[in-house]
Number of protein chains: 2
Amino acid sequence: MSTAEGARARARTEVTAAIKDEARRQLAAEGAAKLSLRAVARELGMVSSALYRYFPSRDDLLTALIIDAYDSLGEAVETAHAAVPAGEFLRRWTVACEAVRVWALAHPHEYALIYGSPVPGYAAPATTIPSAARVAMVLIGVVRDADRGPGLPGLSLPAELRCEAERMAAEIAPELPVEAAPAMVAAWAELFGLVGFELFGQFEQVVLDRERFFRHAVTRLGASVGLPA
Amino acid sequence: MSTAEGARARARTEVTAAIKDEARRQLAAEGAAKLSLRAVARELGMVSSALYRYFPSRDDLLTALIIDAYDSLGEAVETAHAAVPAGEFLRRWTVACEAVRVWALAHPHEYALIYGSPVPGYAAPATTIPSAARVAMVLIGVVRDADRGPGLPGLSLPAELRCEAERMAAEIAPELPVEAAPAMVAAWAELFGLVGFELFGQFEQVVLDRERFFRHAVTRLGASVGLPA
DNA sequence: CACAAAGCAGAGCACTGCTCTTGCATGAGA
DNA sequence: TCTCATGCAAGAGCAGTGCTCTGCTTTGTG
């Protein structure tokens, strides 16, 4: 009665939030594979079956955590990027990329949840797409602004890819020059390739000064999508 | 007595191979998370506890499969690459990259096992390193040969990265020019970023003509490490 | 040929996700 | 204000998991 939604509904959202919090704690501590509904329930002082009133299955709980992780990463990147003056395109780009890396190092298990191998038999529902796209939107925004501003240098685009590039540009970033679309997607993949390799141990005994190397790589990446130095 | 190693040892290696084969079958069918020692034993007509005579734990079985997967991928890339004339550097590069993609699409679960998120609490032993390095060795070989041949164009290398680049070059590819080392590592990460994104669904509704896009991306990648067109 | 070692089966432990029934407390309408 | 339906938690139980321990049988070898 204290709120418009009624006491019952409010209690429900509170318990739901508490479950997600505890699940996130266990996720950070042990990883997605060891996330157990029973353990979450135990920690919250309830019985395991009670959790199924809030999440119909373990996968649904994971989906909720996935969306939260995408949003957490997206917000981190957006705020870091927003602190850079709009005219410094390359710095906007590198700062956004570095925010991805910093977030990933701070939340390795959540990163693995969203960018690692998908759980078998689990298909991420379409609900996750908007949250998942936030990082890409920031990167696209930088290139779009640079294109409107000083003008992007013409990127090469072989004839056989023209058709696909036009579709890509039309579908994901209508304001982007057609030539930039494939380069953007490739840069996007390299960014997460770099972060994933560092996080998942592939750089062990290969790259030691990770931060410096990463900064160099994303700077080159900015140039590869046509950002002026 | 029929062989030098003795009948007992031979039976042991045969059973070990049978276990790995069945495990690989289940891995391909259901993914690493659903690989169950009991199911493997059941399919082989033995009891679960008997498996522990061959693999001390589930993780040890996974390690064996990981090494096999790295070797399978490495061999696929090596043979595809060997079919290209030594002088066509860019084609050697793209063929090797495309072999990675083809293998990954044919063995998605094994790819996820070696390049996806690591199992929590599981650290890949150093035994896996030689097998894991085979793909990188092929790529390094192409750039090395191109450098000895027509000469690689000078890649830019900021002063602050010089030290790390020298260490990287010395440690992983002594014959490589120092300037090429960071570019190689970045290209390596992008290659697996691209393949991973396609395999793990990140390209859904973003890239449709995957093969064409991939070919374009790895061609650009070859140029980025200095290979002449 | 005898013996020790290797391999096997089976029971059992402590878990997991998930389902079903039962009983209780509480919020909402008469 | 009282009643009643609804939301929720509890607990037992099912089928499965990785892993261990105890005996028993097979088998290669000195």
Side-chain angles (χ1 to χ4, degrees), chain A residues 1-20 22-23 25-27 29-66 113 118-123, chain B residues 1-20 22-23 25-27 29-66 113 118-123:
Chain A
M1 70 170 318
S2 49
T3 82
E5 48 178 341
R8 208 146 209 174
R10 210 192 42 194
R12 196 182 165 75
T13 65
E14 262 174 32
V15 175
T16 305
I19 293 172
K20 284 209 292 185
E22 176 58 32
R25 266 203 53 251
Q26 295 200 8
L27 181 69
E30 298 276 7
K34 299 214 165 174
L35 197 165
S36 132
L37 286 187
R38 290 182 119 106
V40 171
R42 206 180 304 132
E43 209 68 24
L44 259 52
M46 40 174 141
V47 89
S48 69
S49 57
L51 282 197
Y52 288 85
R53 300 259 158 198
Y54 297 90
F55 296 94
S57 79
R58 198 191 105 114
D59 281 2
D60 289 85
L61 176 54
L62 272 182
T63 300
L65 294 180
I66 285 174
L113 187 64
V119 185
Y122 168 83
Chain B
M1 74 165 321
S2 48
T3 82
E5 45 178 342
R8 207 143 210 176
R10 211 190 43 194
R12 193 178 167 75
T13 66
E14 261 172 32
V15 175
T16 305
I19 293 173
K20 282 208 294 185
E22 177 58 32
R25 266 202 53 250
Q26 295 199 10
L27 181 68
E30 298 276 7
K34 298 212 167 176
L35 197 165
S36 129
L37 285 188
R38 291 179 119 106
V40 171
R42 207 180 304 133
E43 209 68 24
L44 259 51
M46 39 174 141
V47 89
S48 69
S49 59
L51 282 197
Y52 288 85
R53 300 260 158 196
Y54 298 90
F55 295 95
S57 79
R58 199 191 104 114
D59 282 1
D60 289 85
L61 176 54
L62 273 181
T63 300
L65 295 179
I66 286 175
L113 187 63
V119 184
Y122 169 82

Practice task
In whole angstrom, give the distance that lies between atom NZ of K34(A) and atom C1' of dG18(D).
Solution key: 11 Å
Exercise for the section: In sequence, state the C-alpha distance, the side-chain angles, and the governing distance for M46(B) and I19(B), and then conclude on side chain to side chain contact (heavy atoms under 4.5 Å, CB included). Expected result: CA-CA 11 Å; M46(B) 39 174 141; I19(B) 293 173; 4.3 Å; yes
Problem - Whole-Å distance separating the CD atom of E30(B) from the P atom of dG16(D) - result: 14 Å
Exercise for the section: Scan nucleotides 15-24 of chain C nucleotide by nucleotide, 5' to 3', and note B when protein non-hydrogen atoms come under 4.0 Å of the base, S if they reach only the sugar-phosphate, - if neither. Expected result: -BBBBB----
Problem - Distance in angstrom units between L51(A) CG and dG7(D) P, rounded - result: 19 Å
Practice task
Would you indicate whether the side-chain heavy atoms of L35(A) and L61(A) approach each other to under 4.5 Å?
Solution key: yes
Handout entry: Gap between atoms CE and P, on M46(A) and dA10(D) respectively (whole Å)
Key = 8 Å
Handout entry: Those residues that, when tested against S57(A), pass side-chain hydrogen bond (donor to acceptor under 3.5 Å, both in side chains) (two or more places apart)
Key = D60(A)
Practice task
Could you tell me whether Y54(A) contacts a base, only the sugar-phosphate backbone, or nothing, with contacts defined as non-hydrogen atoms closer than 4.0 Å?
Solution key: sugar-phosphate
Practice task
Applying side-chain hydrogen bond (donor to acceptor under 3.5 Å, both in side chains), name anything that partners E22(B), two or more places apart in sequence or on another chain.
Solution key: R25(B), Q26(B)
Exercise for the section: Would you kindly give the CZ-to-C1' distance between R12(B) and dC8(C), to the nearest whole Å? Expected result: 13 Å
Handout entry: Minimum side-chain heavy-atom gap L37(A)-Y52(A) below 4.5 Å
Key = yes
Practice task
Identify the two heavy atoms, one from R58(B) and one from A33(B), that lie closest to each other, and give their separation to 0.1 Å.
Solution key: NH1-O, 3.9 Å
Practice task
Could you check how far CG of L44(A) sits from C1' of dA10(D), rounded to whole Å?
Solution key: 16 Å
